[in-house]
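Here's the structure we're looking at; comments come further down.
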Amino acid sequence: MQAGDRVAQRGHVGLEVRGPPLADGLLAQGLQGHQAHPVGDPLGRGRAAALFSPAVESEVARQAVAWEKSGGGSRTSVLALLSVAGQAGAFVGPLLGALLLSVDFRTACLAGAGVFVLVLAGHARLLPQRIPGRTAAPGGGGLRAVARNRAFLGLCCGYGAYLLAYNQLYQALPGEVERAMSDQAPLAWLFALSSVLVVSVQLPVTRWAARRLDLHRSMVFGLLLIAAAFGVVAAALPAGLTGVPGLLPGAGFVVLLTLGQMLVVPAARARVPDLAEEGRIGLYTGAMSSLSGLIVLVGSALMGALLDSGLPPAVRWLALAAAPVLAIVLMPGRRAREREAGVRGGADG
């Protein structure tokens, strides 16, 4: 959890190669890209992601807050671009990878490494080497402060519930598609539908939410949409539809889940700078990823046991809807948010 905070503060690459806060992760991913080792390759990419993701997300969050303070607009509009870019890459990347694999595996890996080197060069050129006016984080005690921050832990519960629900695209949806179509071939189209929705609709949805909802309500509304996504499948299952009509509940699940994602993800990322200690956005961003990942790890095991249980399918899908609803209950209420705002206001003053 502290890796992103340390990289963001130090802003350097191993082997004395100086660069922006993101460079450690990008360099590691680029170097690992040409190694086709079944264990070393995933470990290298995992290490790179542990450095890269918190660093890039914390830097984007910092830029988003600066954008909002300068009067440019809501910080969520900047953070939403991160989701759009990620989904665009997730959609286009496999297509390009498949074309390169038609040549050979080495060519695909070297091309991937080359992409990361180009991104590294762009970050080294465009990102600031030092953050003007930044207050250095106090040494030690960071994890204890995270553990005592109830509002932040509630945020992690909400974000973890979203990730757990999103994981059901790969855990629960395949079984539903196979039930309806007797094979899982349509899954690729449903995954593409999710990516296309984010790329085409994320920014308008974010602008709408910025005008009508605060960050807390945006997360609550998003989690309710996610719960409704599971409810759609549960409501349709007793009819026993098969073929193309049987795919419609699964498509409805994907649409509602993705709309919920569009509300939850920018709002959750936008909340982190408000909850983090001064100079520790990287630590809190990494902590949210780690704690949410732990929720997914434990929750996926429970969800798998639920899906394999002898309960009726409709009951299983209704039970899946309980996670986002429970997360809404665990997120901080109005009094906690007002208390947090008062404490931060006093500190700022």
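This is a predicted model, so every value here is computed, not measured.
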For a 4.5 angstrom cut-off between non-hydrogen side-chain atoms, does [X] reach [Y]?
| X | Y | value |
| --- | --- | --- |
| V233 | F230 | no |
| M219 | Y162 | no |
| V196 | V201 | no |
| Y166 | V296 | no |
| L173 | Q168 | no |
| W317 | E176 | yes |

Legend entry - Step-by-step side-chain contact (heavy atoms from CB on, under 4.5 Å) determination, L197 to M262: CA-CA 9 Å; L197 280 173; M262 294 180 201; 3.9 Å; yes
For the backbone of [Y] and the side chain of [X], can you confirm whether one donor and one acceptor N or O come within less than 3.5 Å of each other?
| X | Y | result |
| --- | --- | --- |
| R75 | A270 | yes |
| N149 | L275 | yes |
| S195 | A192 | no |
| S289 | T285 | yes |
| S102 | L99 | yes |
| S218 | D214 | no |

Legend entry - Derivation and outcome, side chain to side chain donor-acceptor pair (under 3.5 Å), residues E178 and S182: CA-CA 5 Å; E178 189 164 3; S182 299; over 6 Å; no
Legend entry - Lys/Arg N to Asp/Glu carboxylate O, D308 vs R316, below 4.0 Å: no
Inset, instruction - Let me see the working for L203 and L81 under side-chain contact (heavy atoms from CB on, under 4.5 Å), right down to the final yes or no. - result: CA-CA 7 Å; L203 294 180; L81 288 172; 3.9 Å; yes
Legend entry - Intermediate values then yes/no, side-chain contact (heavy atoms from CB on, under 4.5 Å), M331 and L223: CA-CA 11 Å; M331 285 196 303; L223 289 170; 3.9 Å; yes
Inset, instruction - Answer yes if the side chains of Q87 and S83 hold a donor-acceptor pair under 3.5 Å, and no otherwise. - result: no
Inset, instruction - Give me the ring orientation class for Y170 and F191: parallel if the planes are under 30° apart, tilted from 30 to 60°, perpendicular past 60°. - result: tilted
Inset, instruction - Answer yes or no: does atom CH2 of W208 have more than 12 heavy-atom neighbours from other residues, nucleotides or ligands under 6.0 Å? - result: yes
Inset, instruction - May I ask whether L164 and V220 are part of the same hydrophobic cluster, defined by side-chain heavy atoms of I, L, V, M, F, W, Y residues being less than 4.5 angstrom apart, directly or through others? - result: yes
Side-chain donor-acceptor contacts of residues 237-261 below 3.5 Å, not counting sequence neighbours, with atom names and distances?
| residue | atom | partner | partner atom | Å |
| --- | --- | --- | --- | --- |
| T258 | OG1 | S194 | OG | 3.2 |
| T258 | OG1 | V254 | O | 2.6 |

Legend entry - For L330, the rest of its hydrophobic cluster, which grows through side-chain links under 4.5 angstrom: L326
